[in-house]
Amino acid sequence: MTKGNATFINQLKDHVGQEVTLNGWLYNSRASGKIQFLIVRDGTGLCQCIVEKGKIPDELFEQLKRLGQESSLSVTGTVRADERSVGGYEMAVTDAQVIASSEGYPITPKPHGVEFLMKHRHLHLRSQRQWAIGKVRHTVIDAIRRYFNDNGFVLVDTPIFTTIVGEDQTSLFEVDYFGRPLHLTQTGQLYLESAAMAYGRVYCFGPTFRAEKSKTRRHLTEFWMVEPEVAFIDLDGLLHLAEGLVSSIAQRVLADNRSELQTLGANIPLLEKVRPPFYRLTYSEAVEILKGPKTREFMTRELDNLQQQKKQMESRIAELEKQQAGQLKQWQQDKIAAELIDLRGELEEVNTKIENNPKHDQLAAEFTWGKDLGGSDETIISQMHDKPVFVTHYPREAKAFYMRTDRQNEKVVENFDLLASAGFGEIIGGSVREDDYDRLLVRIKDQGLNPETYDWYLDLRRYGSVPHGGFGLGVERTVAWVIGERHIRQCIPFPRLMDKVYI
Ligand code: 4AD
Ligand code: MG
């Protein structure tokens, strides 16, 4: 099957002038008389392969001409650099072999709706956009592991079946564990705290499950979270750690995935800004901002911007619709149809934002100290900043039992959320942990949890308790923010949502 020198598309730059073989799939093709242009993808990129009649046997030329989208094949030919070509290199084909032909591939270059694509996720992963997202996700995960491994952290795998409630009793997935009720983990944190007492600095990285009843673009029921936990650290130390992690993720993606970021239309200058120090606000300061004139002005400006965007989109749609009515080639029709689908989707979003603007403005204006920040409040704060923002010291009553009460102000806890820039909202939640046995026991009881279940956790405060803390970063939300994708469901290969498990 692999004739000559088999190579990969992303290595073609080392083979200019040489004859090599690529193994892949037919992404797209067009023929004009004696010449065919095959766009081949091999998992590392796309390459235009040019087939000229007379340079290969006629029978093969005809076979390639009939070849359907996503047929698998090997192509052999000479590599040449061409700036205009996708990927910058192309191949003059001297031989080819069809491995398996494909007919009627469901995802054509024509536009498709989200529902259709989700049902065909197993195939959709091959498309340019999903492929690029997967590459960025890979880099994000690698950057996370590297950051911790290079900074003296020990990886500790925490269990998925668990007895404890880590975050919130209303979002547990119960499982029947040989007749005994258990649930799927919401966080590895409590186990990780015990490991931090053994190794000092640890992290866990795995799937996390939450029976979230909210169908928002920010919630999955199964998502991946990385959680570091550190002995002898205070809140300031945690903010430094989080800032370092998030900056190193952004810089790695910029270094490794520039072309994917371009494919995805990511905001590259915004990512370039992601360097320490991030902004820091206390919860009380955030509330002041939300209730104050700065937010009123900001929301009015936002509304103006949105209305302008709406006008522009509507006139572009009208223009395209006019063009559509004229005499066009099929590929021109397809191109217009694709742009219209995108535009109509964007217009719908802008309309929703216009509708929500006054509601969110009112929610912010009427915010009362003591509540957790809502999604819209986080969005406002994060839209107002060009770099990520830490919000610290939330009201104790709004937060989980394990967070350490601030000894200077007992109404708040020593915690933080990191709100990503550009309206993406929370990507990290973390805190210093309550290290005092008596206070922790009171908090467990206050939240209606059974102290017996947490007896092992209390042991950590019985035997050599130390100040410690950590945080959790959601991988899908981070990827979504980095690439500028609004729906986190696109940032995991096989998403699980409250109302949908497609495949
Ligand atoms: O803020 P959370 O709930 O914090 C914890 O679980 C802590 N125990 C972490 C720790 O201190 N070790 O979740 C942490 C992050 C969020 O900031 C968000 O990025 C992500 O996990 N996350 C979700 N991502 C997708 N879908 C959901 N339903 C998510 N819930 C949380
Ligand atoms: Mg949180």
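We count ligands from 1, going down the list as the structure has it; atoms in each ligand are counted the same way.
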Open item on the list: Please determine whether any non-hydrogen atom of Glu167 lies less than 4.0 Å from an atom of ligand 1.
Closed with: yes

Task: Proximal ligand 1 atoms for Tyr402, defined as those under 4.0 Å from one of its heavy atoms - done: 7 (C), 8 (N)

TODO: List every atom of ligand 1 that sits less than 4.0 Å from any heavy atom of Ile428, numbering the atoms from 1 in the order shown and giving each element.
DONE: 17 (O)

Task: Contact check, Arg218 vs ligand 1, heavy-atom distance below 4.0 Å - done: yes

- [ ] Classify the contact between Glu227 and ligand 1 as side chain, backbone, both or neither, using a heavy-atom distance cut-off of under 4.0 Å.
- [x] side chain

Open item on the list: Can you tell me which portion of Arg433 lies within the under-4.0 Å heavy-atom range of ligand 1? Options are side chain, backbone, both, or neither.
Closed with: side chain

Task: Part of Thr221 with heavy atoms under 4.0 Å of ligand 1, whether side chain, backbone, both or neither - done: neither

Open item on the list: Just to confirm my output: which protein heavy-atom neighbour is closest to atom 26 (N) of ligand 1, and how far is it?
Closed with: Leu220 N, 3.0 Å

- [ ] Please say which of Glu212, Arg210, Gln186 ends up in a side-chain hydrogen bond (donor to acceptor under 3.5 Å, both in side chains) with Ser171.
- [x] Gln186

- [ ] Could you tell me whether Lys399 sits above the aromatic face of Tyr394, with NZ or CZ closer than 6.0 angstrom to the six-membered ring centre and within 45 degrees of the axis?
- [x] yes

Open item on the list: Under 4.0 Å, heavy-atom basis, I'd like to know which part of Thr187 is in contact with ligand 1: side chain, backbone, both or neither.
Closed with: side chain

Open item on the list: Could you tell me, atom by atom, which parts of ligand 1 come under 4.0 Å of a heavy atom of Gly470?
Closed with: 11 (O)

TODO: For Ile488, counting its heavy atoms only, list the atoms of ligand 1 lying under 4.0 Å from any of them.
DONE: 25 (C)

